Amino acid sequence: MAARTTVVEAVCAVAARLEAAGVPAPTVDAALLARHVLDWSHTALVLRGGEPLPEDAAARLDELAARRTAREPLQLLLGTAGFRWVDLEVRPGVFVPRPETEVLAGEAVARLPADGVAVEPCTGSGAVACAVAQEVPGARVVATDVSPAAVDLARRNAGRLGVRVEVRLGDLLAPVAPELRGAVDVLVSNPPYLADAELATLEPEVRDHDPRAALVAGPTGHEVTDRLIAAAGAWLRAGGWLLLETADTRARATARRAAAAGLTDVAVLPDLTGRDRVVVARRG
Ligand SMILES: C[S@@+](CC[C@H](N)C(=O)[O-])C[C@H]1O[C@@H](n2cnc3c(N)ncnc32)[C@H](O)[C@@H]1O
């Protein structure tokens, strides 16, 4: 009787399938899918890789590998995404949080007083708001989204993590309590920032799985960031910060628009890959 495939052999076979399908990081994805079906830690995968792969795990791994070769996002297959120090639940129909947005959240944490107020329009899964609330537990954190599915997931993530985030359904700052006008220390957002025509150029994981309304702002891509820049003067306290994630191709122009709106200390910061990504600006 032939020996059963070991875990390591199965990971290598899945990695080869993913590579042939053009998946960008095939070995990492294959290892994470194997960990998921086995419910093992990273250490267990390393130490027990020579063991035979159980049949039920092999069948499940085969199914997930097929979905990944069809370019379903890894995080949706795993059901979770790590973001700074938290693990978030992710679901189809809600934008999957990205590592580059960890820079945006970190800038918010660095600028938020211990008992300050942070508002995050366009929260999606609640990634930024939950990370900020976890790292600055004494702050008041308010998050909004126009998508009921996103609001539901952000509330669920905040509840699971045990962090205090007020999640409200509605357009940008419209659902935020009026008493916070002029009292916000950090207005932070990763809004839709692509132009209509850019949608077709995206990787299949993004184009076919993230909601269009999470990606595309309108004909120029500046439509939502312009609205947030225009609102910043009314909602920020004097000295408070506006922090916006945007496309690398649009960051310098977004910074110029913030300066033209009268905001000060305008700068563009790079993401984890060195690309222009985050625009910071201050109400003078
Ligand atoms: C790029 S996703 C970012 C999600 C999350 N902040 C993150 O970084 O993972 C943009 C989010 O903005 C939401 N959105 C789009 N237009 C909005 C608006 N006018 N007001 C509030 N939320 C909006 C979308 O539903 C989506 O969840």
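All of these numbers come straight from a predicted model, not from anything done at the bench. Indexing begins at 1, ligand by ligand and atom by atom, following the structure's order.
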A.B. asks: Identify, for atom 6 (N) of ligand 1, the protein heavy atom at the shortest distance, and state residue, atom and that distance.
C.D. replies: C122 O, 2.8 Å
A.B. asks: What part of A213, side chain, backbone, both or neither, has a heavy atom within less than 4.0 angstrom of ligand 1?
C.D. replies: backbone
A.B. asks: Are V136 and L243 connected in a single hydrophobic cluster, I mean Ile/Leu/Val/Met/Phe/Trp/Tyr linked by side-chain heavy atoms less than 4.5 Å apart?
C.D. replies: yes
A.B. asks: Hey, which atoms in ligand 1 end up nearer than 4.0 Å to a heavy atom of P97?
C.D. replies: 9 (O)
A.B. asks: How far apart are the closest heavy atoms of R207 and L199, and which atoms are they?
C.D. replies: CG-O, 3.6 Å
A.B. asks: If you compare all heavy atoms of V14 against all heavy atoms of A30, which two are closest, and at what distance to 0.1 Å?
C.D. replies: CG1-CB, 3.7 Å
A.B. asks: So is G170 in contact with ligand 1, going by heavy-atom distances below 4.0 Å?
C.D. replies: yes
A.B. asks: Please determine if D171 has a nitrogen or oxygen closer than 3.5 Å to a nitrogen or oxygen of ligand 1.
C.D. replies: yes
A.B. asks: Among all protein heavy atoms in this structure, tell me which lies nearest to atom 1 (C) of ligand 1, with the distance rounded to 0.1 Å.
C.D. replies: A214 O, 3.0 Å
A.B. asks: For the atom pair CG (L18) and CG (L33), what is the distance rounded to the nearest 0.5 Å?
C.D. replies: 7.0 Å
A.B. asks: Under 4.0 Å, heavy atoms only, figure out whether ligand 1 is touched by the backbone of E120, its side chain, both or neither.
C.D. replies: side chain
A.B. asks: Could you say whether the N/O atoms of R98 and ligand 1 ever approach to under 3.5 Å?
C.D. replies: no
A.B. asks: Below 4.5 Å, heavy atoms only, C-beta onward: do S189 and V128 meet side chain to side chain?
C.D. replies: no
A.B. asks: What distance separates I229 CD1 from H222 NE2, expressed to the nearest 0.5 Å?
C.D. replies: 8.5 Å
A.B. asks: S125: heavy atom below 4.0 Å from ligand 1, yes or no?
C.D. replies: no
A.B. asks: Without swapping roles, check the side chain of N157 against the backbone of E89 for a donor-acceptor pair under 3.5 Å.
C.D. replies: yes
A.B. asks: Considering L153, D145, L104, L172, which one's heavy-atom position lies nearest to atom 25 (O) of ligand 1?
C.D. replies: D145
A.B. asks: Which ligand 1 atoms does T101 reach within 4.0 Å, using its non-hydrogen atoms?
C.D. replies: 8 (O)
A.B. asks: Which atoms of ligand 1 are found less than 4.0 Å from any heavy atom of S147?
C.D. replies: 25 (O)
A.B. asks: Closer than 3.5 angstrom, by distance alone: can the side chain of T264 be matched with the main-chain N or O of R282 as a donor-acceptor pair?
C.D. replies: yes
A.B. asks: Before giving the answer on side chain to side chain contact (heavy atoms under 4.5 Å, CB included), spell out for R71 and D208 the whole-Å C-alpha distance, their side-chain angles and the decisive distance to 0.1 Å.
C.D. replies: CA-CA 9 Å; R71 307 297 294 270; D208 301 338; over 6 Å; no
A.B. asks: So, is V146 polar-close to ligand 1, with some N/O to N/O distance under 3.5 Å?
C.D. replies: yes
A.B. asks: Nearest heavy atom to atom 8 (O) of ligand 1 wins, so pick from V128, V151, N190, T123.
C.D. replies: N190
